[in-house]
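Step one of this worksheet: look at the structure below.
Note that this is a predicted model, so its numbers are computed, not measured. Excluded from the calculations below are hydrogen atoms, water molecules and symmetry mates; all remaining heavy atoms, backbone and side chain alike, are included. All ligand and atom numbering here is 1-based and tracks the order in the structure.
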Amino acid sequence: MSELTLISKKVCMLGDFAVGKTSLVRRFVHNLFDDKYLSTIGVKVSRKTITILRKGQLIELSMLLWDLAGSEEFDRVKANYLRGASGAILVCDLTRLETLENLDQYANGFFKNMPDTKLILAANKSDLTDERQVTESQIVDVANTFGIPYYLTSAKTGNDVEQLFRHLGHLLVNE
Ligand code: GDP
Ligand code: MG
């Protein structure tokens, strides 16, 4: 019988204020959604372990999910926050086009300084169909520019949240 391999990876949540970074982590880790507004203070690290099959071998991947407050905060703590990250989830809000355009700022640092980091895009709040401001083809354009996969997620309904994190998990172990 093959033994279980344990791997631990740091993943950073990145994106503008209120796009749903904290809510996505909360949905994935605790399967909960909270409509109350609680802005994150400082950094919070949550852990979720998933099992992945790689070349017939079972891998226990412990994802250490780093989450922090808005972009103002990000500029100040950037280097410390990103250090040692193997992956990142770039999050935008489907009801605010500028949050998609701003993803550049977060992604650039990775392409320049940490080219081995695996990135994935989450276009969040897919449940807010009436307020939607971003088309899927605009998301495809950005994802293609970065050369990364994307998902339309809802931290509220849970739609495609598990798929998003698991896809990144696969990228993290299949290197
Ligand atoms: P963060 O600043 O990126 O961490 O964003 P939060 O996770 O704090 O979410 C900001 C606001 O958007 C909160 O009021 C959340 O309840 C709400 N929110 C987050 N994700 C979703 C979603 O998928 N759908 C809807 N309708 N609201 C969401
Ligand atoms: Mg937050």
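For the pair Lys10 (side chain) and Arg83 (backbone), a donor-acceptor distance under 3.5 Å is present.
Polar contact check, Ser126 against ligand 1: no nitrogen or oxygen pair lies under 3.5 Å apart. Checking only distances, Asp67 never comes within under 3.5 Å of ligand 1, N or O to N or O. Distances between N or O atoms of Thr22 and those of ligand 1 include at least one value under 3.5 Å. Checking only distances, Phe17 never comes within under 3.5 Å of ligand 1, N or O to N or O.
With a cut-off of 2.8 Å, the Mg ion (ligand 2) has no N, O or S atom of Ser23 in range.
Here Arg132 pairs with Leu94, Glu136, Leu152 under the side-chain contact (heavy atoms from CB on, under 4.5 Å) rule; sequence neighbours left out.
Comparing Ser23, Gly15, Gly158, Gly20 against atom 15 (C) of ligand 1, the shortest heavy-atom distance belongs to Ser23.
Ligand-side atoms of ligand 1 in range of Leu128: 26 (N), range being under 4.0 angstrom from any heavy atom.
Distance CG/Leu64 to OG/Ser62: 4.5 Å, rounded to 0.5 Å.
Here the options are Val91, Asp16, Val134, Asn124, the test is side chain to side chain contact (heavy atoms under 4.5 Å, CB included), and the partner is Thr99; only Asp16 passes.
Counted by atom type alone, Thr51 and Glu60 present one or more donor-acceptor pairs between their side chains at under 3.5 Å.
With respect to Asp67 and Lys21, no salt bridge is recorded, no charged nitrogen being found less than 4.0 Å from a carboxylate O.
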